[in-house]
Amino acid sequence: MARFLYSLLLYCLSPLVVLYLVFRSVKSKDYRHRWLERFGLKRLSQTDLLIHSVSMGETLAALPLIRAIKCAYPELSITVTTTSPTGSAEVVKSLGESVQHCYLPFDFSLCVYLFLKKLKPKYLIIMETELWPNLIHFAAGMDTKLMLVNARLSEQSMRQYQKYLKLALPMLNKVDLIATQSPLISQRFTSLGVSDKKLFACGSLKFDLNIDSDQQDKAVKLRQILKLKERFIWVAGSAHPGEFDDILNAHKQLLAVQPNALLILVPRHPEQFNAAAVAITAHQLSSVRRSDKVEVDLATQVLLGDTMGELLSFYGAAEQAFVGGTLIENGGHNPLEPAALGLPVLLGPHYWDFAEIADLLYEAGGLRFIDSAESLSQSLITYLQDNEACRKACMAALGVVDENRGSLTNHLNLIHSFIEPPN
């Protein structure tokens, strides 16, 4: 009954879903295309394994796992779905035609049913907590084996599930295996009523982030190309509107102490690039847009990272990093990316999506929490003026990443028990 009411509500809200696509299309041209996929109407081939990741962050974490699965099970046909254009672009770029790819349709019962009827997957692997009642219901009804990997469940999300337990618990009980990021997350699933027999703490795949030599070389070349060798650089990565003003005010306070400082401001979504440019102008800071490929000179105070796929290079070219989505009630983004490059990490108070990771970094000394433009600038200045404290924070961040590697192996071992060997 709960799923029926949920499905009915979705159909009642369907005009708003279309308006949502129109709204996103105005802001980002990438949302103007492939609407049929959003409603499960794309022509697709049958697949053995369906893997769903949401956007860029989840896709980057999923890629090493997908490659490992392809290597271990070369006979399996694989379809990878995402919901965002950035995630989609990363799948196409990294996996090409080795997998079938499309958007996951909205969770309308008919759309999902038609989508799964075409694919007939034997296995469905879902990244993190991208759980949709109709997707789970129809997949289980078609005898598809279900697995949730790299699962996270914050305290806040757990409370939301508890409010709608009649909908959430039947859905969770249909999942065969859940590989969580930590024992604490496993406990939260158990408190919702999930059997502990299907829960396995495998660690976070994001700790297995591989910063290869090519990526490091790109960062070095970026500093050379932008002629940044002698400047103090910090990055505000995955920033959102609502944070731009605090970030820019913090940079102005930093400039009073370090006049040659350069901020690389990287908005989370492409549709936010222009809003960030407007904010920079409003704060009367001189700037260059990365997409314009204009030389950054000593007069440039802000480089606007309005390109996709370069955030790691920006982090690699910097001395310090603030990770966005944390000064507003968003839940935050991955602090491991700058940590893996040996940067001291600064984070706002709203980081629940990465609470366990952030707390590990904080306890080790590789991360500091800030809550305003003033505390952000003060932390930047403290690390700038105290080389030893900065060095210790860098080493602590790297240490946390190194100590917690191995999640990929743990996940793959569990997947071996999930995927039946061929006859």
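Model, not experiment: these values are computed from the prediction. Note that these values count all heavy atoms, side chains included, but never hydrogens, waters or copies made by symmetry.
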*Asks:* Distance-only, no hydrogens or angles: does the Ser407 side chain make a donor-acceptor pair with backbone N or O of Cys202 under 3.5 Å?
*Replies:* yes

*Asks:* Do Ser291 and Thr307 meet the criterion of a side-chain donor-acceptor pair at a distance under 3.5 Å?
*Replies:* no

*Asks:* Is it true that Tyr6 and Asp107 share a donor-acceptor pair across their side chains at a distance under 3.5 Å?
*Replies:* yes

*Asks:* If only side-chain N and O atoms count, and only distance matters, is there a donor-acceptor pair under 3.5 Å linking Thr86 with Ser84?
*Replies:* yes

*Asks:* Spell out, as yes or no, whether a donor-acceptor pair under 3.5 Å connects the side chain of His411 to the backbone of Asn150.
*Replies:* yes

*Asks:* Side chains of Arg34 and Ser88 only: does a donor on one sit below 3.5 Å from an acceptor on the other?
*Replies:* yes

*Asks:* Between Thr81 and Leu104, is there a donor-acceptor pair closer than 3.5 Å when you use the side chain of the first and the backbone of the second?
*Replies:* no

*Asks:* Is it true that Trp132 and Glu130 share a donor-acceptor pair across their side chains at a distance under 3.5 Å?
*Replies:* yes

*Asks:* Main chain of Met171, side chain of Lys174: is a donor-acceptor contact present, judged purely on distance under 3.5 Å?
*Replies:* no

*Asks:* State, to 0.1 Å, how close Tyr103 and Phe115 come at their nearest heavy-atom pair, and which atoms those are.
*Replies:* O-CE1, 4.4 Å

*Asks:* Under a 3.5 Å cutoff, is there a donor and acceptor pairing between the side chains of Arg368 and Tyr383?
*Replies:* yes

*Asks:* Backbone N or O of Ser25 within a donor-acceptor pair of the Arg32 side chain at under 3.5 Å?
*Replies:* yes

*Asks:* Checking Tyr315 side chain against Ala340 main chain: does a donor-acceptor pair fall under 3.5 Å?
*Replies:* no

*Asks:* Using only heavy-atom distances, determine whether the side chains of Asp245 and His283 contain a donor-acceptor pair under 3.5 Å.
*Replies:* yes

*Asks:* Does Thr180 reach the main-chain N or O of Ser182 with its side chain, forming a donor-acceptor pair under 3.5 Å?
*Replies:* yes

*Asks:* Once you measure the plane-to-plane angle for Phe369 and Tyr362, does it fall in the parallel (<30°), tilted (30-60°) or perpendicular (>60°) bin?
*Replies:* tilted

*Asks:* Any donor-acceptor pair under 3.5 Å linking the side-chain atoms of Asn134 with those of Ser7?
*Replies:* yes

